[in-house]
Each structure stands twice: as C-alpha cells, then as structure tokens.
Amino acid sequence: MKKYALLLLAGLTLSACGSAPGQVSGSRVSAGVSVDDSGSVENATKAVTPATKEAPEKVTWTVTPGKGVTFTFMTRPGSDAVYLTGYRVLSSKLTTRNGTTESKSGDINKMDLYLTSGYDCPTRTALNSCPFSAVDTVQANGLPAKSSIYLEGGLGDLVVATNSGVALVTAIEFYGQSSNGQAVTVRADSIVSGGNKQGDD
C-alpha cells in the first residue's frame, strides 16, 4: 500500500506545474489559458488510537480542503475582448487503488469573466479595453484574468472511504463570446487533482 501511495504522490508532484496552455484562435479573437493545479489537493490524515483494556481501537480522520485549480486567461496581441460565461467538464478519469473510472459529463457551469482585448493604452483597466482607433493604442497581450475551480472537492472523503490516495485527471472547456459576437471556446486538458492519505497506516 505504501508503494502505491508513493507512486501516486510522485505522479501528483510531476503534474503540479500545470498543464499545457489551451488556446482558441479565430478571425478576430485569440485567447489562451495557463493552468496551476498545484493546490488542487485534499489531504486526509488518519489517526489510530490503539485499543486499551478500557476502550477499543479508535480511528479518526481529518480532511483538509484544497486551494482549487487556478486558471489564468489572457488575450493575445490584436485580439478582441472576450466574455467567458461558463464552462463544462468534458471528461474526468478517477484513479483509486481499486482501478480507474472514466466519465464524461458536459454539465454547464456558469461563470462571468472579462478578458481585455489585445491592446494597450493609458486608459486600459481590468474591466475596460482600449479603443482601437485611439492614437495611443498599441497591440499587446491583454491583462491576465484569473478564476479558480475546486475540482478536488470530495477527494479527501474518497480517501477516507478507500483508505488510500486517489487522483483525478480532468479536461475542461470554457466558452463565451468575443466583444464582436464571435463564439469562443478555450480548452484545458490533463488537469490533475488529488486526495492524499497522511498519518497512520
């Protein structure tokens, strides 16, 4: 069991840097996303109190929530602004000591995130893009916009149920539209979340 836990931990550590950026390109919009899944881990700590003459053995668990997966979106130089209005989980693969289960959901989840256009000017803010026609407007990366999703939610409880570490690999698609009405999708693959077992065996 320890060997399995170490292999699982090694896999989670290697993936903690995030996955390859997703991207979308169209006639007037180009946006990408970087993924930081290093905080997407719930820790379940097991404590065993040995039996005595007065009481039987006692097992207790403490589950510590994770920090979620952080998605950082940005438009590329010359892109229209983008309104991301939702996301869907395209697929997920759950690995426990009992094997691997794959599922596809597609359930729609709402979000509200504005990505500035790929232009810079003195009046640009996180909520206001630059006017294309202004003399002081130049092409540049849009301002970063972040959103977090707690994909690790419930993995700590699964550790308690199975008495072993677990891993979840997810693919997500974000969707919305550009400031000129073009449909936008941005995909992120190979997002790793985990449930780590700690404490007594």
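Predicted, not measured: the structure shown is a model, and the values here were computed from it.
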Undergrad: Specify the closest pair of heavy atoms between Arg88 and Asn109, including all atoms of both residues, with the distance to one decimal.
TA: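 In terms of heavy atoms, the two residues are closest at CA-ND2, 4.4 Å.
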
Undergrad: Phe71 and Phe174: aromatic ring centres closer than 6.0 Å?
TA: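 So the answer is yes for these two rings.
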
Undergrad: Got a salt bridge between Arg187 and Asp189, using NZ or NE/NH1/NH2 to carboxylate O under 4.0 Å?
TA: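 Asp189 and Arg187: salt-bridged.
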
Undergrad: So how far is it from Thr162 OG1 to Asn98 CG, rounded to the nearest 0.5 Å?
TA: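 Between atom OG1 of Thr162 and atom CG of Asn98 there are 7.0 Å.
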
Undergrad: Are side-chain heavy atoms of Gln177 and Gln182 found at a separation under 4.5 Å?
TA: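 Counting from C-beta outward, Gln177 and Gln182 never come under 4.5 Å.
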
Undergrad: What distance do Lys146 atom NZ and Leu113 atom CG have between them, rounded to the nearest 0.5 Å?
TA: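 So the NZ of Lys146 and the CG of Leu113 are separated by 12.0 Å.
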
Undergrad: Test side-chain hydrogen bond (donor to acceptor under 3.5 Å, both in side chains) on Ser178 and Asn180; report intermediate values, then the result.
TA: CA-CA 5 Å; Ser178 75; Asn180 282 293; 5.2 Å; no

Undergrad: How long is the gap from NZ on Lys58 to OG1 on Thr49, to the nearest 0.5 Å?
TA: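 Reported to 0.5 Å precision, the distance equals 6.5 Å.
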
Undergrad: Looking at side-chain heavy atoms only, is the closest gap between Asn43 and Val63 below 4.5 Å?
TA: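 The answer is no; the side chains never approach within 4.5 Å.
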
Undergrad: Could you state the interatomic distance from NZ (Lys46) to OG1 (Thr60), rounded to the nearest 0.5 Å?
TA: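 Rounded to the nearest 0.5 Å, the NZ-OG1 separation comes to 10.0 Å.
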
Undergrad: Thr96 and side-chain contact (heavy atoms from CB on, under 4.5 Å): which partner among Thr101, Val159, Val166, Leu168?
TA: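 Only one option passes, and that is Val166.
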
Undergrad: Using side-chain heavy atoms (C-beta onward) and a distance below 4.5 Å, is Pro77 in contact with Asn141?
TA: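 Contact flag for Pro77/Asn141 side chains = yes.
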
Undergrad: Is Met74 reachable from Tyr87 through a run of hydrophobic residues whose side-chain heavy atoms are each under 4.5 Å from the next?
TA: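 Different hydrophobic clusters.
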
Undergrad: Between Leu143 and Arg124, is any pair of side-chain heavy atoms under 4.5 Å apart?
TA: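 Touching, per the 4.5 Å side-chain cut-off.
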
Undergrad: Provide the closest heavy-atom pair for Thr75 versus Ser117 in the form atom of the first, atom of the second, distance.
TA: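 Shortest heavy-atom contact: OG1-C, 3.4 Å.
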
Undergrad: Please round to the nearest 0.5 Å and tell me the distance separating atom CG of Asp37 and atom NZ of Lys67.
TA: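 It comes to 14.0 Å.
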
Undergrad: Surrounding CG of Asp136 (heavy atoms of other residues, nucleotides or ligands, distance under 6.0 Å), is the total greater than 12?
TA: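 Atom CG in Asp136 is crowded, with more than 12 foreign heavy atoms closer than 6.0 Å.
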
Undergrad: Do other residues, nucleotides or ligands put more than 12 heavy atoms under 6.0 Å from the OH atom of Tyr175?
TA: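 Yes - once you tally the heavy atoms of other residues, nucleotides and ligands closer than 6.0 Å, there are more than 12.
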
Undergrad: Can you measure from OG (Ser179) to CG (Asp80) and round to the nearest 0.5 angstrom?
TA: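 Reported to 0.5 Å precision, the distance equals 4.0 Å.
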
Undergrad: If you measure only the distance, is there a donor-acceptor pair under 3.5 Å linking the side chains of Tyr114 and Ser129?
TA: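 Note: Tyr114 and Ser129 side chains meet the donor-acceptor criterion.
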
Undergrad: Do Leu155 and Leu94 touch side chain to side chain, with heavy atoms closer than 4.5 Å?
TA: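 The answer is yes, as the side chains (C-beta and beyond) meet within the 4.5 Å cut-off.
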
Undergrad: Is any side-chain heavy atom of Pro50 closer than 4.5 Å to a side-chain heavy atom of Glu57?
TA: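 Not in contact.
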
Undergrad: Closest heavy-atom contact between Thr72 and Pro144?
TA: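 Reported closest heavy-atom pair: CG2-CB, 3.9 Å.
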
Undergrad: What pair of heavy atoms forms the shortest contact from Glu152 to Gly39, and how long is it?
TA: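 So the two residues come closest at OE2-O, 4.1 Å.
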
Undergrad: Surrounding NZ of Lys93 (heavy atoms of other residues, nucleotides or ligands, distance under 6.0 Å), is the total greater than 12?
TA: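 At most 12 heavy atoms, drawn from other residues, nucleotides or ligands, come within 6.0 Å of this atom.
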
Undergrad: Evaluate the side-chain hydrogen bond (donor to acceptor under 3.5 Å, both in side chains) criterion for residues Arg76 and Ser30: first the C-alpha distance (whole Å), next the side-chain angles of each, then the deciding distance (0.1 Å), finally the verdict.
TA: CA-CA 6 Å; Arg76 297 183 176 91; Ser30 179; 3.3 Å; yes

Undergrad: Applying the 4.5 Å side-chain criterion to the ILVMFWY set and letting contacts propagate, would Val48 and Val160 be lumped into a single cluster?
TA: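 Cluster IDs for Val48 and Val160 match.
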
Undergrad: Are the side chains of Thr116 and Asn128 in touch, meaning some heavy atoms are under 4.5 Å apart?
TA: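 Heavy-atom side-chain distance check fails, nothing below 4.5 Å.
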
Undergrad: Can you check whether Ser92 reaches Val169 side chain to side chain, under 4.5 Å on heavy atoms?
TA: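 No, every pair of side-chain atoms sits at 4.5 Å or beyond.
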
